[in-house]
Amino acid sequence: MYKAPRGTFDILPQEHACWKYVEEKAAFLCRLYGYQPLSTPIFEDAQVFAKTVAGGTDIIDKEMYIFKDKSGQELALRAEGTAPVCRAYLEHGLFNLPQPVKLYYIGPAFRYERPQSGRYRQHHQFGFEALGEADPALDAEVIEMAQQFFYSLGLPQLTIHLNSIGCKLCRPRYLVVLKQHYSSYMDQLCPDCKARLVKNPLRLLDCKKVSCQEIAKTAPKIPDYLCHECQIHFQSVQEYLGAVSIPFQLNPRLVRGLDYYTRTVFEIEPREAGGQSTLGGGGRYDHLIEELGGRPTPAVGFATGLERIILNLKNQRLDIPPLPKPDVFIAYLEQEAKIEAMKIASELRREGIPVIMATGDKSLKGQMRQANSLDIAYALILGEQELLQRTAMLRDMRSGEQKSIPLTEIAGFLKQFKM
RNA sequence: GUGAGCGUAGCCCAGCGGUUAAGGCGCCAGGUUGUGGCCCUGGAGAUCGUGGGUUCAAAUCCCACCGUUCACCCCA
């Protein structure tokens with residue numbers, strides 16, 4: 001038997017209610033804040049991702065789906081949402097619009113890794129980006145949006161962690177003192193952290209090992225080493241967040257792995273949960289667009305994984321509005337009635353009434369059972385008697401009451417009752 | 001890539017060395033010659049993940065592989 005490949009999954013009809021719920025909340029949020037939808041291809045020139053994540057991590061070698069197409073061009077499945085948005089921003093000259101340009105996306109992304117709770121090879125991301133302006137008010141807006149998103153979903157028990165990781169001027173200065181600090185604990189570091197010390201020092205700060213966390217606690221804090229401009233920016237973000245009453249927690253050990261990030265970083269996680277529970281995160285990336293070949297262009301954004309959100313919704317057992325069901329099920333008895341039934345089904349659908357037509361010449365009992373299990377409000381029954389009288393039997397499946405209606409009046413009757 | 005747990009019908013799962021592999025949900029049929037939901041009766045559906053080994057005997061013990069779950073690495 002074939003199975004969905006490792007790390008992928010089918011979303012069955014009954015699960016779609018949940019997905020639709022989340023996607024609609026996302027779209028509505030973006031409308032509220034004036035962010036417009038942008039869809040990008042499922043694959044890109046591999047360089048779109050490779051350039052932006054270059055160095056420091058094994059994302060490219062280990063985690064990305066990279067392949068050559070028949071022409072030999074190197075392509076990569078969409079690894080995340082931000083870089084393609086920036087590519088589109090450059091390709092279509094969106095920098096010529098009044099800035100900032102506010103965009104959002106929602107769709108699949110791919111990473112080659114062993115699946116674990118809420119992490120899949122094909123997963124789904126929702127994100128929004130404000131491109132072309134450095135105003136800290138945008139950082140605050142993006143954080144507020146993220147918070148409002150989870151709130152509107154019914155996930156209010158969240159903590160927003162906030163930090164600033166400086167810019168190209170001040171971060172190198174910080175990294176020097178950070179490395180100094182860790183160097184003096186060299187013999188106590190775990191093997192991973194020894195590697196991080198040279199490869200990606202910022203990541204030292206969120207090692208999960210208890211012994212390394214002790215060292216991180218006493219490490220110099222990056223906010224203390226920000227340059228003047230970054231300090232002002234960071235303070236302004238906090239002020240604006242205060243102005244719109246968004247609670248946040250400063251976390252000097254919150255970092256990002258990649259070089260293009262600047263200044264604001266934030267992550268959102270459920271309260272009283274640690275480790276792998278982050279629901280979403282974002283921050284400012286003032287160097288990404290430059291990496292892709294554009295002019296230096298500041299930008300800030302947020303992204304979240306829908307699988308994690310749905311996991312949380314299910315854990316909270318929130319009531320998700322169910323998908324609408326068809327209004328009418330048409331059952332028939334003999335061949336003659338079947339033809340009439342098909343005519344009626346067709347007619348009702350043209351009137352905009354959703355109909356399921358019985359098929360398979362099952363017993364009436366079987367047909368009614370089916371109508372019941374589909375949880376349909378009305379059954380329309382056509383048999384010999386009804387045909388003779390040019391009527392149909394309309395049964396209210398909830399109450400069990402039924403009455404005979406002339407064929408010509410069915411559509412009008414159903415519309416009038418608007419189930 | 002590393003480590004640990006788990007693989008028995010569509011789903012949940014009992015059985016953990018002894019010969020027809022149990023139950024529940026769901027599905028189908030009958031109890032109502034044209035009527036669902038509740039109830040009753042019956043039925044279909046399982047190469048017990050795959051391959052090898054131990055044994056008189058393996059779903060049950062051992063090994064390998066595959067799958068899956070969780071965690072690590074990484075986290076865009």
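The structure presented is a predicted model; accordingly, all values stated were derived computationally and were not measured. In what follows, chains carry the letters A, B, and so on, assigned in the order in which the sequence lines appear, proteins first and then strands, with residues in each chain numbered from 1.
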Hey, what are the protein-to-nucleotides 65-67 of chain B N/O distances that come in under 3.5 Å?
| from | atom 1 | to | atom 2 | distance (Å) |
| --- | --- | --- | --- | --- |
| B/rG67 | O2' | A/Lys3 | NZ | 2.8 |

Inset, instruction - Compare side-chain N and O positions of A/Arg203 against OP1 and OP2 of B/rA76 and report whether any pair is under 4.0 Å apart. - result: yes
Inset, instruction - Establish, yes or no, whether a centroid distance under 6.0 Å links the rings of A/Tyr120 and A/His124. - result: no
Inset, instruction - Provide the distance between the two P atoms, one in B/rU8 and one in B/rU69, to the nearest whole Å. - result: 14 Å
Legend entry - Nearest-Å distance once atom P is located in both B/rG23 and B/rU41: 13 Å
Legend entry - For RNA chain B, stems built from three or more consecutive Watson-Crick or G-U wobble pairs below 3.5 Å: B:1-7 with B:66-72, B:10-12 with B:23-25, B:27-31 with B:39-43, B:49-53 with B:61-65
Legend entry - Value in whole Å for how far the C1' atom of B/rC11 lies from CG of A/Asp10: 15 Å
Inset, instruction - Begin with the C-alpha distance, continue with both residues' side-chain angles, and end with the deciding distance and a verdict on ring-ring contact (aromatic ring centres under 6.0 Å, His included) for A/Tyr174 and A/Tyr225. - result: CA-CA 6 Å; A/Tyr174 169 72; A/Tyr225 292 81; 5.6 Å; yes
Legend entry - Separation of the P atoms in B/rA9 and B/rG5, to the nearest angstrom: 22 Å
Legend entry - Distance between C1' atoms of B/rG53 and B/rC11 (Å, rounded): 34 Å
For residues 380-394 of chain A, which side-chain donor-acceptor pairs fall under 3.5 Å, sequence neighbours excluded?
| from | atom 1 | to | atom 2 | distance (Å) |
| --- | --- | --- | --- | --- |
| A/Glu386 | OE1 | A/Gly383 | N | 3.0 |
| A/Thr391 | OG1 | A/Ser404 | OG | 3.4 |

Legend entry - Distance test, side-chain N/O of A/Asn372 to OP1/OP2 of B/rU35, below 4.0 Å: no
Inset, instruction - Using only side-chain N and O atoms of A/Lys365, determine if any of them is under 4.0 Å from OP1 or OP2 of B/rU32. - result: no
Legend entry - Check ion pair A/Glu214-A/Lys217 (N to O, under 4.0 angstrom): yes
Legend entry - Gap in Å between the two C1' atoms, one belonging to B/rC66 and one to B/rG49, rounded: 7 Å
Legend entry - Under 3.5 Å donor-acceptor pair, A/Glu113 side-chain atoms to B/rG1 base atoms: no
Legend entry - Atom P, compared across B/rA46 and B/rA22: separation rounded to whole Å: 13 Å
Legend entry - Stepwise salt bridge (charged side-chain N to carboxylate O under 4.0 Å, His left out) check, A/Asp45 with A/Arg87: CA-CA 10 Å; A/Asp45 190 311; A/Arg87 193 225 78 228; over 6 Å; no
Inset, instruction - Select from A/Arg114 and A/Glu386 the residue whose nearest nucleotide in RNA chain B is closer to the 5' end of that strand. - result: A/Arg114
Inset, instruction - Figure out the CE/P separation between A/Met368 and B/rG30, and round it to whole Å. - result: 15 Å
Inset, instruction - Starting at atom CD of A/Glu291, determine the distance to atom P of B/rA76, rounded to an integer number of angstrom. - result: 15 Å
Legend entry - Close residues, residues 73-86 of chain A, relative to RNA chain B [heavy-atom separation under 4.0 Å]: A/Ala79, A/Glu80
Inset, instruction - Round to the nearest Å and state the distance from A/Leu205 atom CG to B/rC74 atom P. - result: 13 Å
Legend entry - Pair A/Tyr35-A/Glu141, side-chain donor/acceptor within less than 3.5 Å: yes
Legend entry - Length of the line joining A/Ile330:CD1 and B/rG34:C1', which is rounded to integer Å: 17 Å
Inset, instruction - Verify whether one side chain among A/Tyr285 and A/Glu129 offers a donor that lies under 3.5 Å from an acceptor in the other. - result: yes
Legend entry - Side-chain donor-acceptor pair present, A/Asp139, A/Tyr240, cut-off under 3.5 Å: no
Inset, instruction - For the residue pair A/Gln125 and A/His123, confirm or rule out a side-chain donor-acceptor distance under 3.5 Å. - result: yes
Inset, instruction - Could you identify which residues of residues 294-303 of chain A place a heavy atom less than 4.0 Å from some atom of RNA chain B, listed by residue number, or say none? - result: none
Inset, instruction - Using the C1' atom on both, measure B/rG7 against B/rC12 and round to a whole Å. - result: 14 Å
Legend entry - Rounded interatomic separation in angstrom, taking NZ from A/Lys199 and C1' from B/rC74: 9 Å
Inset, instruction - Kindly give the heavy-atom pair with the smallest separation between A/Leu138 and A/Arg284, and that separation in Å. - result: CB-NH2, 4.2 Å
Legend entry - Pairing residues for A/Asp206 by the salt bridge (Lys or Arg N to Asp or Glu O under 4.0 Å) criterion, not counting sequence neighbours: A/Arg203
Inset, instruction - Walk me through it: do A/Tyr104 and A/Gln36 pass the test side chain to side chain contact (heavy atoms under 4.5 Å, CB included)? - result: CA-CA 6 Å; A/Tyr104 79 91; A/Gln36 297 189 292; 5.6 Å; no
Inset, instruction - Grab the two heavy atoms, one from A/Arg308 and one from A/Gly118, that are nearest each other, plus how far apart they are. - result: CG-O, 3.7 Å
Inset, instruction - Please check the phosphate of B/rC72 (OP1 and OP2 only) for any side-chain N or O of A/Gln116 closer than 4.0 Å. - result: yes
Inset, instruction - To the nearest Å, give me how far apart CG (A/Asp206) and P (B/rC72) are. - result: 12 Å
Legend entry - Inter-nucleotide P distance (B/rU60, B/rG51), Å rounded: 12 Å
Inset, instruction - Verify whether one side chain among A/Arg78 and A/Thr40 offers a donor that lies under 3.5 Å from an acceptor in the other. - result: yes
Legend entry - Lys/Arg-Asp/Glu bridge criterion (N-O < 4.0 Å) met for A/Lys51, A/Glu290: no
Legend entry - For atom NZ of A/Lys209 and atom C1' of B/rU2, their distance in whole Å: 11 Å
